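These notes are about the structure you will find just below.
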Amino acid sequence: MPRKRTLKLSTFNVNGINSRLPNLLEWLEKEKPDIVALQELKAADQAFPADVLEAAGYGSIWHGQQSWNGVALLGRHTAPVESGRGLPGDATDKQSRYIEAAIHGIVVAGIYSPNGNPQPGPKFDYKLRWMERLAHRARSLVDLPHPVVVMGDFNVIPADEDVYDPRSFRKDALFQPESRRAYERLLKQGWTDSLRHVFGEKRIYTFWDYFRQHAERDRGLRIDHLLLNPVLAKGLIEAGVDRWVRLQEKPSDHAPAWVRVSIP
DNA sequence: ATGGCGATCTATGATCGA
C-alpha cells in the first residue's frame with residue numbers, strides 16, 4: 001500500500017499582519033499548517049514581513065495595499081508558484097483581494113471578499129459584482145483534474161445557523177439574500193463547503209467581534225470558508241477552527257479555519 | 001436604534017471593518 005500524505009490547509013484573516021505578527025508566528029509554530037491563506041494584511045507590498053515568515057519556515061507570495069485589504073499565500077518549507085493576482089473581470093478594480101498559486105501540488109485561490117456595508121449602496125453593489133467575478137474565476141477552476149481550494153474571508157453568512165443572532169443581522173450586507181444566493185451559486189458549481197460538510201448540524205464560527213466579550217461567550221459568525229473541488233473533496237479527512245487563537249492577547253477578530261486532506 | 005472595540009493614517013479625530 002502506498003502511504004498517502006496529508007496536508008493541513010488553513011485560512012486566517014489577520015486584521016493587520018504587522019500588528020498581528022507575534023500572534024501569527026505562535027499559531028504557525030503550534031499548528032504547523034502546510035498551506036495558508038492570509039487576508040486583511042493592511043500593509044503595502046514593501047511592508048510585508050516575508051523575511052520573518054521565511055525564518056519561521058514559510059515561503060510566501062503577497063498582494064499588499066496600504067491601509068486596507070491585502071492577501072497572501074504561505075507554503076510550509078516551500079515557495080508558492082504564483083498563477084495570478086487581482087481578481088479578473090474589472091481592470092479598474094485596484095483592491096487587493098485575490099491571489100492564486102500552486103503549493104504542495106494544490107491549486108490555491110486566496111480571497112478576501114468585500115464587506116459590502118452599508119447596504120444598499122455602492123459598497124454593496126461592489127460586493128455583489130465582485131462575487132460574480134469570483135464565480136466566473138471559480139467556474140474555470142472547479143473541474144480541473146488537479147486538487148483545488150478556494151479559501152478565505154467570503155464575508156457571507158451562508159445560513160441562519162451560521163450567526164449567533166440572525167435577527168440582529170437582518171440588515172447586514174453579510175446576511176442579505178443577494179449575498180447568500182451568490183455564495184449558494186458558487187457552491188452549485190460543485191464546491192464542497194468543508195466546515196459545513198464536516199460539522200453537519202453543529203454550529204461552528206470563525207469570527208467574533210470585539211464587543212461585549214463575544215469571543216469568550218462564543219457569539220460569532222461563520223464567514224471564513226474553505227471550498228474544495230471534487231478532486232480535493234475526495235481526500236477531506238477533518239476540518240476545524242483554531243479558536244484558541246481568538247482568545248489570545250491582542251487577537252484578530254477572526255480565528256484560523258482549516259481542513260486536513262489526503263493527497264494520493 | 002445605537003454603540004460597543006481595534007487598526008490605520010488623514011493622526012490627537014476620521015474612517016473602516018463585520
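Proteins come first, then strands; the chains are lettered A, B, ... in the order of their sequence lines, and each starts at number 1. Because the structure is predicted, anything quoted here is derived from the model rather than measured.
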What is the distance, to the nearest angstrom, from the [atom1] atom on [X] to the [atom2] atom on [N]?
X	N	atom1	atom2	value
A/R219	B/dG4	CZ	P	18 Å
A/N13	B/dA18	CG	C1'	10 Å
A/F207	B/dA7	CZ	C1'	13 Å
A/Y210	B/dT8	OH	C1'	13 Å
A/R167	B/dA1	CZ	P	11 Å
A/E216	B/dC5	CD	P	13 Å
A/R212	B/dG6	CZ	P	14 Å
A/F48	B/dT8	CZ	P	14 Å

Base, sugar-phosphate, or nothing: which does [X] touch, judged by heavy atoms less than 4.0 Å apart?
X	result
A/K127	nothing
A/D253	nothing
A/Y112	sugar-phosphate
A/I157	nothing
A/D224	nothing
A/H214	nothing

Can you tell me which nucleotide in [options] comes closest to the side chain of [X]?
X	options	result
A/S67	B/dA7, B/dC9, B/dA18	B/dC9
A/K171	B/dT15, B/dA1, B/dA18	B/dA1
A/K123	B/dC16, B/dA18, B/dC9	B/dC16

Open item on the list: Counting distance alone, no hydrogens or angles: does the base of B/dA18 have a donor or acceptor under 3.5 Å from a partner atom on the side chain of A/N115?
Closed with: yes
[atom1] atoms of [N] and [M], separation to the nearest Å:
N	M	atom1	value
B/dC5	B/dA11	P	24 Å
B/dA7	B/dT12	C1'	16 Å
B/dA18	B/dG13	P	26 Å
B/dG6	B/dA1	P	27 Å
B/dG4	B/dA14	P	14 Å

Task: Partner set under side chain to side chain donor-acceptor pair (under 3.5 Å) for A/K234, not counting sequence neighbours - done: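 None.
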Task: Side-chain ion pair, A/R137 and A/E100, N-O less than 4.0 Å - done: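 A salt bridge is present here (some side-chain N lies under 4.0 Å from a carboxylate O).
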- [ ] Could you check if a side-chain atom of A/L134 sits within less than 4.5 angstrom of a side-chain atom of A/Y98, using non-hydrogen atoms only?
- [x] yes
Open item on the list: Going by centres under 5.5 angstrom and planes under 30 degrees, do the aromatic ring of A/F211 and the base ring of B/dG4 stack?
Closed with: yes
Open item on the list: Go nucleotide by nucleotide along DNA chain B from the 5' end; which of A/D209 and A/K42 gets its closest nucleotide reached first?
Closed with: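 This one resolves to A/D209.
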- [ ] Map A/N69 and A/N15 onto DNA chain B by nearest heavy atom, then report which one ends up closer to the 5' terminus.
- [x]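 Closest to the 5' end, via its nearest nucleotide, is A/N15.
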Open item on the list: Quick check on the hydrophobic clustering: are A/W258 and A/F12 connected, directly or via other members, by side-chain heavy-atom contacts under 4.5 Å?
Closed with: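 No: no chain of side-chain contacts under 4.5 Å links A/W258 to A/F12.
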Task: A/R20 vs B/dA7: side-chain N/O to OP1/OP2 distance below 4.0 Å - done: yes
Task: Aromatic contact, A/Y164 with A/Y205 (centres under 6.0 Å) - done: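 They do not qualify: ring centres at least 6.0 Å apart.
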TODO: Could you pull out the closest heavy-atom pair between A/N155 and A/S113, with the gap in Å?
DONE: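 Minimum heavy-atom separation between A/N155 and A/S113: ND2-O, 2.8 Å.
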TODO: Any chance you could lay out the salt bridge (charged side-chain N to carboxylate O under 4.0 Å, His left out) test for A/D160 and A/R180, step after step, and finish with the verdict?
DONE: CA-CA 11 Å; A/D160 287 6; A/R180 294 162 70 171; 3.6 Å; yes
